[in-house]
Number of protein chains: 2
Amino acid sequence: MSHVQNIKAASAVCYGRHEPDTRSPLIRKLEAFVFLSRQDRTALEQLSAGARLVEPRTDLQRDGEMATDAVLVLDGFACRYKHRVTGDRQILAYLLPGDLCDVDAPHLGRMDHAVGTLSTCLVARISRETLATLMAQQPTVARALRLAKLAEEATAREWLVNLGTRSAAERMSHLFCELLTRLEAVGLAEDDGCKLPITQLDLADTLGLSSVHVNRTLQELRSRGLVELRGRSLKLRDLPSVRALAEFSPAYLRPAH
Amino acid sequence: MSHVQNIKAASAVCYGRHEPDTRSPLIRKLEAFVFLSRQDRTALEQLSAGARLVEPRTDLQRDGEMATDAVLVLDGFACRYKHRVTGDRQILAYLLPGDLCDVDAPHLGRMDHAVGTLSTCLVARISRETLATLMAQQPTVARALRLAKLAEEATAREWLVNLGTRSAAERMSHLFCELLTRLEAVGLAEDDGCKLPITQLDLADTLGLSSVHVNRTLQELRSRGLVELRGRSLKLRDLPSVRALAEFSPAYLRPAH
DNA sequence: CGAGACTTTGAGATCACTCAAGTCGAGTGG
DNA sequence: CCACTCGACTTGAGTGATCTCAAAGTCTCG
């Protein structure tokens, strides 16, 4: 139920103030890496303050500009991406609820890629100073963020293997397994299914395929009883087979375990 | 003349003790990012102590094992790579002279990929403690290493674009431009040429192509007067055209500039 | 109900792959 | 010094995966 369907629905979203189960996805994610104290959680919850709804297909950071502050995704799908001069786009990574991106942006000069929303997103911008204070005062949080970064790097390596060596069906299965696992970690998946609020064109630009071929591959996976993707929701009908096809093993998403 | 041709020749290599021009490649690389004091340089030179020659195709860190210490490449080509259960291999990154890899390996639990030599290499292993001391006592060096890491990440993003969106000839050109630029930075390239001590099969596993297709693409680039690769040495005969074909811009290799 | 974005389908073209054979070159042993 | 071996490179021919182009179908939202 968590993905922002439209602006009105999302306006009602409220994180972690009264109900124990509606922790911010950032906290849920980091708790998979470390044990957070009450102070840690409080500090993290404050990051969500001032979150704003952002339309689909909106840039959060532009390629070539100075990176100013970090971006925290609270709901919806965003991504890092790069455009070629030919107009081709390659998506480099997905930013899902709970992902805090460009923690060390300040070090970097100009961005060498862009960050943008795919669906409507609930997003908080976090200033360099806020972040520095957080990292200094909550060392456990700092450690968790470092581990999250390592997971991000491992994910990039998996994507290289995906693009370099796997067939269309394998690539797509691998991506679905990864997204499902990551969304499960923040409580946004159940029953081997999750929201997938992106277009087939987005998938194509992620997997290095044409959108036509994405469509046909999707049909193939469905006809084999493996995967179903209708509306904006994804269901892995036969998780063991999908994992086997993709050679997916979730270990890389949990470094230091 | 810097690449290790064979074991006897390499045994004579001696870094930065007497001659000002034979600085360790690590120092040359980091000086592209920051200004190093004499103490910084001395500390860095000590890392090269105890370097050993390693045969081609030898693992330096195995996939799935605990990462113990960091690896500093002083000469030769090494890489990060991953094997699929099908036997396919994907090379994830090249480790060239001056590259210090897995600085934060200690954080990580088990390696999610392997590191191995492609050619004969001169390699120093650096313990976690040595590294920690260095980072604590030479903050400038620590900063340079962080910048080097950012460049590594940017490189991985470029590779994703390469594998996802570029044709065989474009991919290969892009890789050549990148390697040339990186080797230039450590004084191992001249005249738009450099050593490239790897096989066509290695190239294939880097570029996500078959070795047969690598061979044919190489011939195409040569017949177009762009690139020559014979023996183990590479020459970009028409650098502007190769760069244009590859859409290569070296900015990503120099963050914060 | 109309417009625009997204998805689906068909058909032909192309890029890259596989398999298999043959060549080349460096190193080895007789 | 030659013959042999092994790994790397090259070549040809056929195959298959994926792409492009173009048109039609569907859904959503105003």
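Here is how names work: the chains are called A, B, and so on, in the same order as the sequence lines, proteins then strands, and each is numbered from 1. What you see is a predicted model; the values in this text were computed from it and never measured.
- Every residue meeting the salt bridge (charged side-chain N to carboxylate O under 4.0 Å, His left out) condition with B:Arg89, not counting sequence neighbours, appears here in chain and number order: B:Asp202, B:Asp205.
- Running 5' to 3' along DNA chain C, contacts with non-hydrogen atoms of chain A at under 4.0 Å begin and end at C:dC6 to C:dA11.
- The distance from atom CZ of B:Arg166 to atom P of D:dC19 is 17 Å, rounded to the nearest whole Å.
- Using a 4.0 Å cut-off between a side-chain N of Lys or Arg and a carboxylate O of Asp or Glu, B:Asp99 and B:Arg182 qualify as a salt bridge.
- Nucleotide D:dA13 holds its P atom 18 Å from the NE2 atom of B:His213, rounded to whole Å.
- Counting any heavy atom pair closer than 4.0 Å across all strands shown, B:Ser210 reaches a base atom.
- As judged by a 4.0 angstrom heavy-atom cut-off over every strand, B:Gly208 is placed among residues touching the sugar-phosphate backbone only.
- Counting only N and O atoms by type, the side chains of B:Glu178 and B:Tyr252 include a donor and acceptor under 3.5 Å apart.
- The distance between atom CG of B:Leu229 and atom P of D:dA8, rounded to the nearest whole Å, is 14 Å.
- Rounded to whole angstrom, the span from the CZ atom of B:Arg216 across to the P atom of D:dA13 amounts to 10 Å.
- Between B:Glu190 and B:Lys235 there is no salt bridge, since none of the side-chain N atoms of the basic residue sits less than 4.0 Å from a carboxylate O of the acidic one.
- Residue contacts for B:Ser167: at a heavy-atom cut-off of 4.0 Å it reaches the sugar-phosphate backbone alone, with no base atom in range.
- Heavy atoms from other residues, nucleotides or ligands lying under 6.0 Å from CZ of A:Arg84 number more than 12.
- Rounded to the nearest 0.5 angstrom, A:Ile126 CD1 and A:Leu26 CG are separated by 7.5 Å.
- Among the atoms of the strands shown, only primed sugar atoms or phosphate atoms (P, OP1, OP2) are found under 4.0 Å from some heavy atom of A:Arg57.
- In this structure, the CG atom of B:Leu203 is 19 Å from the P atom of D:dG7, given to the nearest Å.
- Taking side-chain N and O atoms only, B:Gln200 has no distance below 4.0 Å to OP1 or OP2 of D:dG7.
- Within the 4.0 angstrom heavy-atom criterion, no nucleotide atom of any strand lies near B:Ser211.
- Atom pair B:Arg230:CZ and D:dT10:P shows a separation of 11 Å (rounding to whole Å applied).
- Per the geometry, CG belonging to B:Asn215 stands 16 Å off C1' belonging to D:dA13, to the nearest Å.
- Between the side chain of A:Arg171 and the backbone N or O of A:Leu207 there is at least one donor-acceptor pair closer than 3.5 Å.
- Judged by closest nucleotide on DNA chain D, A:Ala168 is the one of A:Ala168 and A:Val212 placed further toward the 5' end.
- Distance, A:Met172 CE to D:dA17 P: 15 Å, rounded to whole Å.
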